[in-house]
Amino acid sequence: MRLTQTAGYALRAMAYMSTIRKELPIRAKDLSEATGIPGPYLSKIMRHLVTAGLLNSQKGHGGGFKFSKSLSKIRFIDVLNAVNTEINPDECVFGWGECVDHNPCPVHFFWSDFKEHFVESAEKYTLADVVDTKPEAR
C-alpha cells in the first residue's frame, strides 16, 4: 500500500479548503499558491473531485471550487477514491508481490497492522475532523 503524489495532493487541497472556512468559491490559482501544488496538476485533481461529487465548480468571475456537501460527509477514503487511489492491503510494502503470512518481508507483521488501521481511519475521519483538530504550533 502506497499513497501516490496525486492522493497526497488531493488530501492536501481538500484539507486546506476545509480549514479556511470560506463560503465563497476558492480559485484554483489561489489554492495552488496556498498549497504548493502545481496549477496544471491541481486542475486535474479538482476535476476528479468534482466528478466524484465532493466539490462544485463555478466558472467565470467569482468562480472557483466549493464543497458540494457538509465536511462531516466527506471522508478521507472518499477523497482517495475520487482520485482513483487503490488501497490494496494485500500489496507488500517491500515490493515482494502479495503480502502473505507464510512468506513475510522484514516488516510484514508491523505493516499489516498499520494497513488495517489506515483503512479504518480513512473510512472514519472526515474533513470536519480536520477543522476540529487544532494542530500544535510548529
Looking at every heavy atom in both [X] and [Y], which two are closest together, and how far apart are they?
X: Leu42; Y: Ala28; result: CD2-O, 3.5 Å
X: Ala15; Y: Ser18; result: O-OG, 2.7 Å
X: Ser32; Y: Gly39; result: OG-N, 3.4 Å
X: Ala7; Y: Leu80; result: CB-CD2, 3.7 Å

For [X], side chain to side chain contact (heavy atoms under 4.5 Å, CB included) partners two or more places apart:
X: Asp113; answer: His117
X: Ala128; answer: Leu71, Ser72, Thr126
X: Ser43; answer: none

| Should Phe114 and Phe76 be regarded as members of a common hydrophobic cluster, given that ILVMFWY residues are connected when their side-chain heavy atoms come within less than 4.5 Å of each other, either directly or indirectly? |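 They do share one cluster, since a chain of ILVMFWY contacts under 4.5 Å joins Phe114 to Phe76.
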| Do Tyr125 and Val83 sit in the same hydrophobic cluster, where Ile, Leu, Val, Met, Phe, Trp and Tyr count as joined when their side-chain heavy atoms come under 4.5 Å apart? | yes
| request: Any chance you could measure Ile26, atom CD1, to Ile20, atom CD1, to the nearest 0.5 Å? | output: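 So the gap between those two atoms works out to 3.5 Å.
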| request: Measure the CG-CD1 distance between Asp129 and Ile74 for me, rounded to the nearest 0.5 Å. | output: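 Atom-to-atom, Asp129:CG and Ile74:CD1 are 12.0 Å apart.
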| query | Residues in side-chain hydrogen bond (donor to acceptor under 3.5 Å, both in side chains) with Thr51, at least two apart? | reply |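 For Thr51, no residue satisfies side-chain hydrogen bond (donor to acceptor under 3.5 Å, both in side chains) once neighbours in sequence are set aside.
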| request: For Arg12, enumerate each residue passing the side-chain hydrogen bond (donor to acceptor under 3.5 Å, both in side chains) test, keeping only those at least two apart in sequence or located in another chain. | output: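 With sequence neighbours excluded, Arg12 shows a side-chain hydrogen bond (donor to acceptor under 3.5 Å, both in side chains) to no residue whatsoever.
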| query | Does anything in residues 34-71 pair up under ring-ring contact (aromatic ring centres under 6.0 Å, His included), and if so which pairs, sequence neighbours excluded? | reply |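 Listed by first then second residue: Tyr9-Tyr41.
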| field | Arg27: partners by salt bridge (charged side-chain N to carboxylate O under 4.0 Å, His left out), with sequence neighbours left out | value |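 For Arg27, the residues satisfying salt bridge (charged side-chain N to carboxylate O under 4.0 Å, His left out) (neighbours in sequence not counted) are Asp30.
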In the structure I gave you, are the side-chain heavy atoms of [X] and [Y] within less than 4.5 Å of one another anywhere?
X: Glu116; Y: Glu120; result: yes
X: Ser68; Y: Leu55; result: no
X: Val50; Y: Asn56; result: no

| request: Determine, stepwise, if the pair Ile37 / Leu31 fulfils side-chain contact (heavy atoms from CB on, under 4.5 Å). | output: CA-CA 8 Å; Ile37 302 170; Leu31 186 58; over 6 Å; no
| query | Can you list every pair that meets salt bridge (charged side-chain N to carboxylate O under 4.0 Å, His left out) and has a residue in residues 53-76, with sequence neighbours left out? | reply | Arg75-Asp78
